[in-house]
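Everything numeric in this text was worked out from a predicted model, so none of it was measured.
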Protein chains: 2
Amino acid sequence: MRADAQRNRDRIVEVARAFFRAKGFDAVSMDEVAKGAEVGAGTLYRHFPTKESLYDAVLEAWAEKVNEAVDRALSPDASAREQLLTWLTDYAAMLTEHKGAAARITAALGDPGSPFAAKCTTYLNANQRVIDALDSALRPGVEAMQISRLVGGMAAVADNSELPADAVASMLEIVADGLLAP
Amino acid sequence: MRADAQRNRDRIVEVARAFFRAKGFDAVSMDEVAKGAEVGAGTLYRHFPTKESLYDAVLEAWAEKVNEAVDRALSPDASAREQLLTWLTDYAAMLTEHKGAAARITAALGDPGSPFAAKCTTYLNANQRVIDALDSALRPGVEAMQISRLVGGMAAVADNSELPADAVASMLEIVADGLLAP
DNA sequence: ACCTGAACACCGTTCAAGT
DNA sequence: ACCTGAACACCGTTCAAGT
């Protein structure tokens, strides 16, 4: 990739991240990203063929934090319920960090053709790690996909309705208790 | 209301219902509704000031089925868990019946200014009836708003990802167990 | 190779003009 | 009162023309 193209790409992602963070996916237009990055619309689309693929690039670095969150949650000093709840809370918080991300990523969970497919795999693997670690403390037969959808769904609701943290927490407790072995 | 205006209104809702049912909220344009109902765009907007308010009118009759579903679910022959699960399943099925409805109604749950505000009240009351009926079988302190958001969130996920019924059912079982008293 | 920006197609909504 | 339909504002995306 030519040096100027690389510079353009970097500037686009940087500008897009700031806009998406401030206003959420829907409220940001591709035009203002192009203008902000001082490139033509064609250049923007040469680097990112759709608005969603641009969003995916913006969420790149942030997705790497998922595995750290799993490590943090799986502390052997805590009860299984506490570990699970810590993870679900962190997970939901990360999903809610970017307005519009939770619903989009959760909707992409079953779709390998989505721009978010790589992100989905990361999440599913993270939830699988939690399932493996907590093992017999969990309801027999729970799948990573189920946890991903349950928490993703709650994060999407929290995002849409701009719920306060404690409203989210009380719903995640219900989900966590449902996930634990009877 | 003038007779021709009433006729127009009825035709608009009828046509809109067919389109929304067939294609879902996003894939239907106000223009095609106007054309289908053989009215000008201005007439459509005179009757329904926004696309969402038109959707609300389309969902009118269907919302009345909610209370019947509660009656059906609260059969005293079944265990509390079975009653709860029947209700959650019916509730989610009704929300998923119209593509795009679940996410919109769930997002409106806290917002009295939404076109769906009346529908939200219906849902919250229905969930409150279930809470009152199952009473001590439920986790102490559960609120109608929490159940509405949990099931609404799951219905929205199911809707977005076009999940098969058994995938939804397994998630609702988790939610139900979380809602029952320990 | 890569860039530019005008243009396209579409959509929710409005409004001047009609009856 | 109510209706019509052209027009507006906006947006994701494309493409002919440039360097």
Side-chain angles (χ1 to χ4, degrees), chain A residues 1-20 22-59 98-101 103-104 107-108 113-116, chain B residues 1-20 22-59 98-101 103-104 107-108 113-116:
Chain A
M1 183 181 270
R2 238 165 57 180
D4 57 339
Q6 182 65 57
R7 254 197 327 271
N8 277 337
R9 208 201 111 104
D10 293 347
R11 228 178 28 250
I12 287 168
V13 174
E14 188 189 342
V15 167
R17 176 150 34 227
F19 279 138
F20 282 136
K23 312 204 278 176
F25 184 84
D26 289 331
V28 174
S29 74
M30 291 299 265
D31 207 57
E32 68 186 304
V33 172
K35 242 130 200 154
E38 293 175 311
V39 296
T43 304
L44 175 51
Y45 276 89
R46 156 176 275 269
H47 288 290
F48 303 101
T50 63
K51 190 180 177 184
E52 292 213 319
S53 74
L54 173 60
Y55 201 39
D56 183 67
V58 163
L59 298 180
H98 290 79
K99 218 169 164 36
R104 248 161 266 276
S114 157
F116 302 114
Chain B
M1 185 181 269
R2 237 164 59 177
D4 57 339
Q6 181 66 56
R7 255 195 330 268
N8 277 337
R9 206 201 112 106
D10 292 347
R11 230 180 26 252
I12 288 169
V13 174
E14 189 189 343
V15 166
R17 175 150 35 226
F19 278 138
F20 282 136
K23 313 206 278 177
F25 184 84
D26 288 332
V28 174
S29 74
M30 291 298 266
D31 207 56
E32 66 185 307
V33 172
K35 246 139 199 144
E38 294 175 309
V39 296
T43 303
L44 176 50
Y45 276 89
R46 157 175 274 269
H47 288 291
F48 303 102
T50 65
K51 189 178 177 184
E52 293 213 318
S53 75
L54 173 59
Y55 202 39
D56 182 68
V58 163
L59 298 180
H98 290 79
K99 219 169 163 34
R104 246 161 266 276
S114 157
F116 303 112

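Considering only heavy atoms from C-beta on, A:Glu52 comes within 4.5 Å of A:Phe25 through its side chain. Using a 4.5 Å heavy-atom threshold, the side chains of A:Met30 and A:Leu54 count as touching. Inter-residue side-chain proximity for A:Asp10 and A:Glu14 is flagged as unmet; no heavy-atom pair is nearer than 4.5 Å. By the 4.5 Å heavy-atom criterion applied to side chains, B:Leu59 and B:Phe20 are not counted as neighbours. Using a 4.5 Å cut-off on side-chain heavy atoms (C-beta onward), A:Arg11 and A:Val39 make contact. Residues A:Arg7 and A:Asp4 have side chains in contact (heavy-atom distance under 4.5 Å, counting atoms from C-beta outward).
Crowding of A:Gln6 atom CD: a count of heavy atoms from other residues, nucleotides or ligands under 6.0 Å exceeding 12.
Atom pair B:Arg9:CZ and D:dA1:C1' shows a separation of 17 Å (rounding to whole Å applied). If you measure from atom CE of A:Met30 to atom C1' of C:dG5, you get 15 Å, rounded to the nearest angstrom. Atom pair A:Asp31:CG and C:dC8:C1' shows a separation of 14 Å (rounding to whole Å applied). Here the P atom of nucleotide C:dC11 and the CG atom of A:Asp26 are 17 Å apart, to the nearest Å. Separating the CD atom of A:Glu32 from the P atom of D:dT13 is a distance of 15 Å, rounded to the nearest angstrom. Atom CZ of B:Arg7 and atom P of D:dA1 are 19 Å apart (whole Å). Rounded to an integer number of Å, the gap from NZ of A:Lys35 to P of D:dC11 is 11 Å.
Along DNA chain D, the nucleotide nearest B:Leu44 and the nucleotide nearest A:Val28 are compared for position; the residue whose nucleotide lies closer to the 5' end is B:Leu44.
Using a 4.0 Å cut-off, some side-chain N or O of B:Asn8 falls inside it from OP1 or OP2 of D:dC3. Residue A:Thr43 has no polar side-chain atom (N or O) positioned under 4.0 Å from OP1 or OP2 of C:dC2. Between B:Arg46 and D:dC2 there is a side-chain N or O to OP1 or OP2 distance below 4.0 Å. When the side-chain nitrogen and oxygen atoms of B:Tyr45 are compared with OP1 and OP2 of C:dT14, none of them lie within a distance under 4.0 Å. Contact annotation: B:His47 does not reach the phosphate of D:dC2 (side-chain N/O to OP1 or OP2, under 4.0 Å).
Going from atom NZ of B:Lys35 over to atom CG of B:Asp31 covers 4.0 Å, rounded to the nearest 0.5 Å. Between atom CZ of residue A:Arg104 and atom CG of residue A:Asp26 there is a gap of 5.0 Å, rounded to the nearest 0.5 Å.
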Just the dot-bracket of DNA chain D, please: which string comes out with Watson-Crick or G-U pairs under 3.5 Å, [ ] for crossing, | for another strand?
||.|||||...|||||.||
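Here D:dC3 is the nucleotide among C:dC2, D:dC3, D:dA6 with the atom lying nearest to any side-chain atom of B:Ala5. Relative to the side chain of B:Asp4, the nucleotides C:dA1, D:dC2, C:dT4 differ in distance, and D:dC2 lies closest.
Shown for residues 49-58 of chain A: residues whose heavy atoms fall under 4.0 angstrom of DNA chain D, namely A:Thr50, A:Lys51.
Ring-plane geometry between A:Tyr55 and A:Phe116 is classed as perpendicular, the angle between the planes exceeding 60 degrees on a 0 to 90 degree scale with a lower cut at 30.
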